[in-house]
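Remember, it's a predicted structure, so these values are computed and weren't measured experimentally. Quick note: numbers below take in every heavy atom, side chains included, and nothing from hydrogens, waters or symmetry partners. Read the numbers this way: they start at 1 and go in the same order the structure lists the ligands and their atoms. Throughout, residue positions are numbered sequentially from 1 according to the sequence presented.
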Amino acid sequence: MKRTTQEIPAALIARQREYCDEIRALSSHLPSPPLACVDTYGCQQNEADSELLRGMLAQMGYGFTQEAEEADIVILNTCAIREHAEQRVLGNVGALVHTKRRHPGQIICVCGCMAQEEHVANRLRESFRHVDLVFGPHALWRFPELLRRVLTRRGRVFETSRSDGAIAEGLPVRRSGTVKAWVSIMYGCNNFCSYCIVPYVRGRERSRDPEMILQEIRELVEAGYRDITLLGQNVNSYGKDLDCGVDFPDLLEAAAAIPGDFLLRFMTSHPKDAGDKLFDVMARCPKVAPHLHLPFQSGSSRVLAAMNRRYTREEYLSKVDALRQRIPDIVLTSDVIVGFPGETDGEFEETLTLIQQVGYDALFTFIYSPRKGTPAASLPDPRTREEKLANFNRLVAEQDRISEEKHRAYVGTVQRCLVDGRDEKGLTARTPGNRLVRLTGGDESLIGQFVRVKITSSNRWSLTGEPAE
Ligand code: SAH
Ligand code: SF4
Ligand code: F3S
């Protein structure tokens, strides 16, 4: 198979494993293993990257802790999507000065999307001198080599050079769950929505070999995973850089043909590339969950054009119709941005009517946040924060009403749910469409099983139910 994107040669990955062994040897004389604390911000892609970091750390002989205070290495895997996310990370990095003072040998590492931004890397270099290691997503596979450099030379290491990115196969992984798993199918983004930082920090779109992906899914199913999410910034672009003739719907259908009792999900679909072929596969494969996360971002075609989304309100709505014709009870969720530069009240109203027209089960709502280096950041933005917040609150209130109504319709029905864990309130499960169900009754032995659940009540966030006979 030919690809137009770069794959890291296996020999270089093997070399990283040797660095892991060298690091392990450094602490082999200690009475107990050194501890690592990995703190993850941002999207599922970052969660998946943290599972690779933990895989590498385990191979280096590290144990794990949730407490930065007792860790020998603290890693912040960061997100750059909005200002607020960045401020939170910088606040937490700052607070580690005190932790490190109490624990002088501690190593502090900042990686992920923020680290790939030049102005952030410079700030970390100049104003956060307690940070030892900084690397962007492109250097993730070289983490063992970079950490070894810090450990053996006791100097600071920054690896944030620009790159289009590559594919690194064969890294060790330590998964956080036993029921649900992430599988990255592609990395990067070529869409350059005018507000978004992701294409700048994650590089160009590149797809993993379909056989590698299918093999990973087979292994997960054999290991007992029941809910598998295929990840990419725009999964519908999958395969464009490969010349094997496999696109995303083909991959999804091949994955759904793997034997076993499991559900497949995927995130995220860009509306411009989601179409009938995908919807047909979703409709005919029972293992593909009846859920689509289809971010619309704005209900106004003028704003969508300024966002460089490359679809109109009408095109978006007609895709939703095409999908609903095939799967009438599809669960739809979405992302939306309020207060894009120049958005008028009239345009905001179009967003409001769009969510009423579609009737999403849940919505992730964001206030526009200017990102340095993106085209939207230099557009005139005359509206005040208060004006944007007022619109934002109206949107959230309207969606709360819709979600509450959607959830109420489940009451009295029986759903085949996957029991996925427990929290402080008890056992949790998910409907096929991924709505949260709190179980009354049942015990831990149900975790990891599909169970028929009678839904007894609901609110705007979740459903409550009991195992049905
Ligand atoms: N690749 C995904 C989105 C990843 S970012 C997609 O295209 O759908 C997740 C969400 O964050 C986006 O859908 C968008 O709604 C929001 N977002 C991205 N950049 C933003 C910004 N600068 N300000 C506010 N919200 C933003
Ligand atoms: Fe960002 Fe757009 Fe790419 Fe999504 S598709 S990651 S919003 S540039
Ligand atoms: Fe954030 Fe990077 Fe994901 S910017 S949303 S962690 S791709």
Side-chain angles (χ1 to χ4, degrees), residues 39-50 53 76-89 110-117 120 136-138 140 165 182 184-206 230-238 240 266-274 292-299 303-304 306-311 316 332-341 343 351 355 360 362-379 381 385 388-389 391-392 395:
D39 198 4
T40 312
Y41 302 78
C43 63
Q44 289 86 350
Q45 191 66 66
N46 254 17
E47 299 283 348
D49 285 351
S50 285
L53 288 168
L76 289 91
N77 189 10
T78 63
C79 170
I81 203 82
R82 283 171 290 274
E83 183 70 30
H84 177 73
E86 292 207 344
Q87 290 308 338
R88 200 156 63 96
V89 168
V110 178
C111 63
C113 295
M114 273 173 78
Q116 195 67 45
E117 291 179 291
V120 174
H138 301 307
L140 182 92
W182 315 113
S184 295
I185 63 165
M186 60 183 301
Y187 308 93
C189 182
N190 288 357
N191 288 316
F192 291 94
C193 301
S194 64
Y195 50 80
C196 185
I197 193 74
V198 172
Y200 303 87
V201 293
R202 287 268 174 183
R204 298 292 59 76
E205 279 174 1
R206 51 218 189 265
L230 310 182
L231 289 182
Q233 291 302 337
N234 174 15
V235 292
N236 302 106
S237 294
Y238 176 80
K240 286 186 184 168
F266 52 93
M267 278 188 95
T268 296
S269 277
H270 193 302
K272 77 176 163 58
D273 307 309
L292 186 65
H293 183 67
L294 194 63
F296 72 100
Q297 313 297 3
S298 166
V303 175
L304 286 170
M307 287 177 163
N308 192 30
R309 290 289 287 180
R310 285 172 279 173
Y311 53 86
Y316 183 91
L332 279 170
T333 56
S334 198
D335 294 347
V336 53
I337 299 175
V338 175
F340 184 80
E343 184 188 64
T351 289
I355 71 157
Y360 294 103
L363 195 59
F364 297 88
T365 41
F366 306 104
I367 293 187
Y368 169 73
S369 170
R371 306 285 62 212
K372 210 182 172 103
T374 62
S378 50
L379 292 175
D381 191 1
R385 170 107 194 142
K388 293 184 182 190
L389 198 59
N391 283 343
F392 177 84
L395 186 70

- Side chain R202, main chain P137, donor-acceptor under 3.5 Å: no
- Query: Who's the nearest protein heavy-atom neighbour of atom 5 (S) of ligand 2, and how far?
  - Reply: N191 ND2, 3.4 Å
- Residue C189, metal atom 1 (Fe) of ligand 2, N/O/S under 2.8 Å: no
- Message: Closer than 3.5 angstrom, by distance alone: can the side chain of N234 be matched with the main-chain N or O of N236 as a donor-acceptor pair?
- Response: yes
- Message: Would you say the rings of H293 and F364 are close, in the sense that their centroids are separated by under 6.0 Å?
- Response: yes
- Per-atom contacts of ligand 1 with Y368, taking only distances under 4.0 Å to non-hydrogen atoms: 23 (N), 24 (C)
- Where do V338 and T351 land on the side chain to side chain contact (heavy atoms under 4.5 Å, CB included) test, with the steps shown first? CA-CA 9 Å; V338 175; T351 289; 5.6 Å; no
- Does R202 have a heavy atom less than 4.0 Å from any atom of ligand 3? yes
- Item | Per-atom contacts of ligand 2 with P199, taking only distances under 4.0 Å to non-hydrogen atoms | 8 (S)
- Message: Donor-acceptor pair, distance only, cut-off 3.5 Å: does the side chain of S194 make one with the backbone of A306?
- Response: yes
- Message: The test is side chain to side chain contact (heavy atoms under 4.5 Å, CB included); show your working for C111 and Q116 and say whether it passes.
- Response: CA-CA 8 Å; C111 63; Q116 195 67 45; over 6 Å; no
- Query: Does the pair E343 and S298 meet the rule for a side chain to side chain donor-acceptor pair (under 3.5 Å), with working shown?
  - Reply: CA-CA 10 Å; E343 184 188 64; S298 166; 4.6 Å; no
- Task: Among all protein heavy atoms, pick out the one at the shortest distance from atom 23 (N) of ligand 1; state its residue, atom name and that distance to 0.1 Å.
- Result: S369 N, 3.0 Å
- Query: For L292 and F266, what are the C-alpha separation, side-chain angles and deciding distance, and is it a side chain to side chain contact (heavy atoms under 4.5 Å, CB included)?
  - Reply: CA-CA 8 Å; L292 186 65; F266 52 93; 3.5 Å; yes
- Message: For atom 2 (Fe) of ligand 2, what is the closest protein heavy atom, and at what distance to 0.1 Å?
- Response: C193 SG, 2.3 Å
- Task: Taking N46 for its side chain and T40 for its backbone only, find out whether a donor-acceptor pair lies under 3.5 Å.
- Result: no
- Between R371 and ligand 1, does any nitrogen or oxygen pair lie at a separation below 3.5 Å? no
- Below 4.0 Å from any atom of ligand 3, is there a heavy atom belonging to A80? yes
- Subset of ligand 2 atoms that lie under 4.0 Å from at least one heavy atom of H270: 5 (S)
- Task: Starting from atom 6 (C) of ligand 1, find the nearest protein heavy-atom neighbour and note its residue, name and distance.
- Result: T268 CG2, 3.7 Å
- Hey, is K388 close enough to D381 for a salt bridge, meaning N to O under 4.0 Å? yes
- Query: Which protein heavy atom lies closest to atom 9 (C) of ligand 1, and at what distance to 0.1 Å?
  - Reply: D335 OD2, 3.7 Å
- For ligand 1, is there an N or O atom under 3.5 Å from any N or O atom of H270? no
- Which atoms of ligand 2 sit under 4.0 Å from any heavy atom of F192? 8 (S)
- Task: State the atoms of ligand 1, each with its element, that fall below the 4.0 Å cut-off from a heavy-atom position in R309.
- Result: 7 (O)
- Task: Around atom 24 (C) of ligand 1, find the nearest protein heavy atom and jot down its residue, atom name and distance.
- Result: I367 O, 3.4 Å
- Using the ring of F366 (Phe, Tyr or Trp, six-membered ring only), decide whether R82 places NZ or CZ under 6.0 Å from its centre and within 45 degrees of its axis. yes
- Message: Quick check on contacts: which atoms of ligand 1 are under 4.0 angstrom from a heavy atom of R82?
- Response: 11 (O), 16 (C), 17 (N), 23 (N), 24 (C), 25 (N), 26 (C)
- Any N/O pair Q233/ligand 1 closer than 3.5 Å: yes
- Are any of the N/O atoms in Q297 less than 3.5 Å from those in ligand 1? yes
- Query: If you measure from atom 6 (S) of ligand 2 to every heavy atom of Q233, M307, K272, which option wins on shortest distance?
  - Reply: Q233
- Query: When you measure from atom 7 (S) of ligand 2 to every protein heavy atom, which one gives the shortest distance, and what is it?
  - Reply: Y195 OH, 3.4 Å
- Message: I'd like to know if the side chain of T78 and the backbone of M114 have a donor-acceptor N/O pair within less than 3.5 Å.
- Response: yes
- atom 5 (S) of ligand 1 has as its nearest protein heavy atom I81 CD1, 3.5 Å
- Around atom 3 (Fe) of ligand 3, find the nearest protein heavy atom and jot down its residue, atom name and distance. C43 SG, 2.2 Å
- Message: Side chain or backbone, does N234 bring an N or O within less than 3.5 Å of an N or O on ligand 1?
- Response: no
- Item | N-O pairing of E83 and R88 below 4.0 Å | no
- Query: Are the side chain of R204 and the backbone of C189 linked by a donor-acceptor contact shorter than 3.5 Å?
  - Reply: yes
- atom 1 (Fe) of ligand 3 sits nearest the protein heavy atom C79 SG, 2.3 Å
- Query: For ligand 2, is any non-hydrogen atom under 4.0 Å from V198's backbone (N, CA, C, O), its side chain (CB onward), both, or neither?
  - Reply: side chain
- closest protein heavy atom to atom 2 (Fe) of ligand 3 is C113 SG, 2.2 Å
- Task: For ligand 1, find out whether one of its N or O atoms is nearer than 3.5 Å to an N or O atom of S269.
- Result: no
- Query: For ligand 3, which atoms, with element, lie under 4.0 Å from some heavy atom of N46?
  - Reply: 6 (S)
- What's the shortest distance from atom 19 (N) of ligand 1 to any protein heavy atom, and which residue and atom give it? Y195 CD1, 3.3 Å
- Give the atoms of ligand 2, by number and element, whose distance to some non-hydrogen atom of C196 is under 4.0 Å. 1 (Fe), 6 (S), 7 (S), 8 (S)
- Give a yes/no on ligand 2: does R309 have at least one heavy atom closer than 4.0 angstrom to it? yes
- Message: Using ring centroids (six-membered ring only for Trp), state whether Y360 and F296 fall under 6.0 Å.
- Response: yes
- Task: Look at the side chain of Y316 and the backbone N and O of L294, then say whether any donor-acceptor pair between them is shorter than 3.5 Å.
- Result: yes
- Identify, for atom 7 (S) of ligand 3, the protein heavy atom at the shortest distance, and state residue, atom and that distance. Q233 NE2, 3.3 Å
- Without swapping roles, check the side chain of N308 against the backbone of F192 for a donor-acceptor pair under 3.5 Å. yes
- Query: With a 4.5 Å heavy-atom cut-off, do Q297 and D335 have their side chains touching?
  - Reply: yes
